[in-house]
Participant: 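This structure is in structure tokens; I'll ask about it shortly.
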There are 2 protein chains.
Amino acid sequence: MGAVTIYDVAERAGVSIKSVSRVLNGEQNVSVALRAKVQEAVDALGYRPSLSARSLAGSSSYLIAAFVDADLTIEHWRSGRGNDYLSRMELGALIEARNSGYHLMIELVDPGSPTLERDMSSVLGSLKPDGVILTPPISDASVVLDVLEARGTPYVRLGPETQLDRGRRVYMDERRAAFDMTVHLARLGHREIGFIVGNPRYAASRLRREGFEAAMAQHGLAVRDDWVLEGDFTFTSGFECGARMLAGAERPTAIFASNDDMAFGVLQAASRGGLAVPADLSLVGFDDTPSAQFSMPQLTTVRQPVAEMAETAARMLISAAQAKTDDGLERVHQAAYTLIARESSAPPRLARAARIPVGQG
Amino acid sequence: MGAVTIYDVAERAGVSIKSVSRVLNGEQNVSVALRAKVQEAVDALGYRPSLSARSLAGSSSYLIAAFVDADLTIEHWRSGRGNDYLSRMELGALIEARNSGYHLMIELVDPGSPTLERDMSSVLGSLKPDGVILTPPISDASVVLDVLEARGTPYVRLGPETQLDRGRRVYMDERRAAFDMTVHLARLGHREIGFIVGNPRYAASRLRREGFEAAMAQHGLAVRDDWVLEGDFTFTSGFECGARMLAGAERPTAIFASNDDMAFGVLQAASRGGLAVPADLSLVGFDDTPSAQFSMPQLTTVRQPVAEMAETAARMLISAAQAKTDDGLERVHQAAYTLIARESSAPPRLARAARIPVGQG
DNA sequence: TCCGGAAATGACAGCGCTGTCAATAGGATG
DNA sequence: CATCCTATTGACAGCGCTGTCATTTCCGGA
């Protein structure tokens with residue numbers, strides 16, 4: 001059947017298998033004539049080198065592995081819901097890998113497992129990937145970094161928070177994005193702004209909160225404790241926090257939820273409470289999930305270019321795998337975010353906006 | 001470093017490498033004592049067999065490949081949006097693969113490419129996967145099936161429409177689901193129901209439409225040509241079709257969109273047209289995308305258990321790879337769908353519902 | 001014309017496993 | 001106790017490539 005080997009190609013081209021190998025790998029010191037002969041044979045036979053043979057014999061496996069949090073994945077699997085971040089990350093990595101003749105493998109990693117170190121060695125040992133992409137929250141699992149470094153496997157961390165000097169990373173300035181979003185609300189005239197924190201397990205939660213607080217401070221706005229509630233990135237938690245925040249006699253004119261899902265929860269709560277968005281309450285999220293453009297009103301949010309980030313990560317790894325030396329390779333890449341102002345944020349109602357100076361004066 | 005080989009294990013256990021191999025592969029005729037010795041050594045050394053060596057030497061690669069439509073993927077990638085179907089499919093396949101010690105690889109395939117056959121051989125030749133999962137619309141690409149069959153690689157088709165006798169498949173009864181959904185609307189009292197067809201490229205589009213028509217016929221309801229519009233599964237197309245259908249003096253009391261994204265488009269159109277859902281218009285979709293539970297009103301839709309289906313597919317492939325003979329293996333699996341009635345569907349307003357008999361009497 | 005060195009090519013030994021087949025060890029049989 | 005059969009284990013040859021090192025070829029310069 002299709003089992004064309006390097007021997008067949010060599011025979012047809014009338015050269016040694018080593019020469020075929022040379023042409024295939026674009027090595028130097030190959031004459032034009034040889035290259036042409038081999039190329040012809042390869043094309044005619046439709047030959048493709050066997051991945052396993054290459055990776056067994058040589059030092060590269062043409063494999064990029066993406067490490068994904070197992071818990072999170074299993075949670076998604078249980079609920080039957082997809083994982084938008086994972087999906088976007090993959091698209092980017094997949095496309096870059098494909099363009100460079102690499103393959104992408106997704107591996108689940110449980111950073112809390114007592115056998116983490118062994119599990120990692122296991123995967124790395126059996127796959128021997130040329131590079132590894134770490135997704136949050138694995139990007140910050142120091143044991144994982146340790147193992148990777150011990151084995152000398154290049155890796156790129158997506159959106160890491162701690163130990164920023166280790167390895168390569170591709171990130172977005174979450175703090176600044178949250179800062180900008182807060183400024184967006186302030187510019188609209190909001191002075192009473194609530195915030196819903198994300199799952200503390202994710203670095204992003206802290207950063208987004210810091211950005212919010214910094215912007216509030218800069219604009220001389222008070223951050224009220226009872227208006228900063230802790231969610232966990234789920235719709236439900238958003239609903240609960242929203243309901244709580246909107247229940248009191250005093251309520252904010254705008255709420256900034258640390259991600260879109262929670263924002264939708266708040267939207268639901270507002271709706272049940274008889275509040276119209278953005279008329280009675282401005283609402284902004286973070287992530288630009290697909291739903292953000294379908295919701296009513298459409299949600300103002302921040303778009304993180306996940307696919308691009310993964311693409312960059314894959315490219316960094318592939319260059320690292322192909323370069324002899326580590327010099328001159330990009331190690332840190334900051335991706336640009338976009339604040340997408342849609343319908344859910346607007347100036348506060350005059351009545352409410354006016355109330356503040358009155359109360360203060 | 002972590003480079004533990006089978007030789008190390010054999011040495012430590014005081015046996016031959018072949019024996020280690022036997023234990024690892026669970027072969028028969030291995031004494032308890034041997035098994036114990038080897039197991040001890042494996043555990044102590046944290047040994048994992050090299051995937052590439054195994055696949056090079058043996059007949060299995062411990063790899064499952066999922067073939068995904070390249071165009072579609074690139075489209076998603078361009079728009080920066082994730083692909084919910086892909087994501088859910090992957091979760092299922094990933095979890096099953098992981099449980100059985102297999103690995104999952106995603107490969108992009110362009111079924112329209114003139115070099116499709118060669119591309120396929122390429123991938124199959126270099127990866128030598130033990131099984132392949134085909135996702136729509138690749139499930140129906142006969143050239144792909146041809147190549148797979150020629151190579152003798154087991155494959156499972158997810159939701160195929162044509163050539164149902166070829167290969168294995170896991171599917172959902174789309175027609176019946178659409179039928180049920182239509183009945184749902186009819187039972188609520190709707191008699192004037194519009195339908196938005198999906199992208200003709202997908203088999204599901206036709207099936208859903210057939211289900212709709214069959215149910216209408218069974219309930220003695222007329223299918224009006226101007227109330228059956230053709231979209232392409234995108235939000236925008238849903239918006240346009242919705243706007244068109246709702247513009248006329250006569251408009252349906254309910255609209256069934258072939259997928260959720262289009263339903264959201266209709267929702268938007270209805271909203272702009274001053275129509276409240278479900279008060280003035282009942283609206284139902286198909287797919288249960290994440291947004292369906294966050295939208296307002298929450299969308300009535302059909303949930304396809306994509307993750308489960310992929311899980312089943314992976315399991316079928318793994319059993320096929322492990323079985324000596326093909327006998328007794330499951331080849332066809334029908335997955336159960338769920339009609340999720342949420343807020344967007346309700347009885348038509350009395351005024352409108354009453355109008356019909358008046359007009360007819 | 002001959003020589004040294006760089007450029008181009010080939011020969012060959014594995015990479016870490018599995019498949020095949022041979023060898024050895026126990027048991028049951030007569 | 002010899003014989004035969006089966007359960008168990010091992011020896012060894014690759015799988016299809018790449019890395020290393022040897023060999024051949026080709027030039028420019030003496």
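Numbered from 1 within each chain, the chains take letters A, B, ... in sequence-line order.
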Participant: Go through the structure and list residues passing salt bridge (charged side-chain N to carboxylate O under 4.0 Å, His left out) with Arg88(A), not counting sequence neighbours.
Facilitator: Asp84(A)
Participant: Taking only heavy atoms on the protein side, list every residue of residues 52-62 of chain A lying under 4.0 Å from any atom of DNA chain C, sorted numerically.
Facilitator: Leu56(A), Ala57(A)
Participant: Quick one: how far along DNA chain D does chain B reach, first to last nucleotide 5' to 3', anything under 4.0 Å to a heavy atom?
Facilitator: dT8(D) to dG16(D)
Participant: Is it true that Arg48(B) and Ser126(A) share a donor-acceptor pair across their side chains at a distance under 3.5 Å?
Facilitator: no
Participant: Mind listing the closest non-hydrogen atom pair of Leu72(A) and Asn83(A) along with its distance?
Facilitator: CD2-ND2, 4.2 Å
Participant: Got a sec, which residues hit side-chain contact (heavy atoms from CB on, under 4.5 Å) with Glu308(B), two or more places apart in sequence or on another chain?
Facilitator: Pro305(B)
Participant: Please evaluate residues Asp8(B) and Thr5(B) with respect to the criterion side chain to side chain contact (heavy atoms under 4.5 Å, CB included), reporting the C-alpha separation (whole Å), side-chain torsions for both, the decisive distance (0.1 Å), and the verdict.
Facilitator: CA-CA 5 Å; Asp8(B) 303 322; Thr5(B) 74; 3.5 Å; yes
Participant: For a quick check under 3.5 Å, do Arg315(B) and Asn99(B) share a side-chain donor-acceptor pair by atom type?
Facilitator: no
Participant: Give the C-alpha distance, both sets of side-chain angles, the deciding distance and a yes or no for side chain to side chain contact (heavy atoms under 4.5 Å, CB included) between Val109(B) and Leu116(B).
Facilitator: CA-CA 8 Å; Val109(B) 173; Leu116(B) 173 58; 3.7 Å; yes
Participant: Might you point out which heavy atoms bring Leu63(B) and Leu127(B) nearest each other, and give the distance in Å?
Facilitator: CD2-O, 3.8 Å
Participant: Show the nearest heavy-atom pair for residues Arg98(B) and Leu108(A), with the distance to one decimal.
Facilitator: NH1-O, 3.1 Å
Participant: Could you state the interatomic distance from CG (Leu45(A)) to CD1 (Ile6(A)), rounded to the nearest 0.5 Å?
Facilitator: 12.0 Å
Participant: What residues from residues 6-21 of chain B pass a heavy-atom cutoff of under 4.0 Å to DNA chain C?
Facilitator: Ile6(B), Tyr7(B), Ile17(B), Lys18(B), Ser21(B)
Participant: Taking ring-ring contact (aromatic ring centres under 6.0 Å, His included) as the test, write out the residues that go with Tyr102(A), two or more places apart.
Facilitator: Tyr62(A)
Participant: Between Leu148(A) and Val132(A), what is the shortest heavy-atom contact and its length?
Facilitator: CD1-CG2, 4.2 Å
Participant: Partners of Ala313(B) by side-chain contact (heavy atoms from CB on, under 4.5 Å), sequence neighbours excluded?
Facilitator: Ile133(B), Val156(B), Leu158(B), Val170(B)
Participant: Within the 3.5 Å criterion, strictly below it, is a donor on Glu149(B) or Tyr155(B) matched to an acceptor on the partner's side chain?
Facilitator: yes
Participant: Run the side chain to side chain contact (heavy atoms under 4.5 Å, CB included) check on Ser52(A) and Leu51(B) step by step: do they pass?
Facilitator: CA-CA 8 Å; Ser52(A) 32; Leu51(B) 240 208; over 6 Å; no
Participant: Let me test you: for the helix from dT1(C)-dA30(D) to dG30(C)-dC1(D), what is the angle between the axes at its two ends (five pairs each), rounded to 10 degrees?
Facilitator: 50°
Participant: Strictly under 4.0 angstrom, non-hydrogen atoms only: write out the protein contact profile of nucleotides 21-26 of chain C, one letter per nucleotide from the 5' end, B, S or -.
Facilitator: B-----
Participant: Under 3.5 Å, which protein N or O atoms sit close to an N or O of nucleotides 4-6 of chain C? Give each pair with its distance.
Facilitator:
none

Participant: Would you list the pairs meeting salt bridge (charged side-chain N to carboxylate O under 4.0 Å, His left out) in which at least one residue belongs to residues 118-143 of chain B, sequence neighbours left out?
Facilitator: Asp140(B)-Arg157(B)
Participant: Short question: side chain of Ser21(A), backbone of Ile17(A) - any donor-acceptor pair under 3.5 Å?
Facilitator: no
Participant: Among residues 26-36 of chain A, which residues get a heavy atom nearer than 4.0 Å to DNA chain C?
Facilitator: Asn29(A), Val30(A), Ser31(A), Leu34(A)
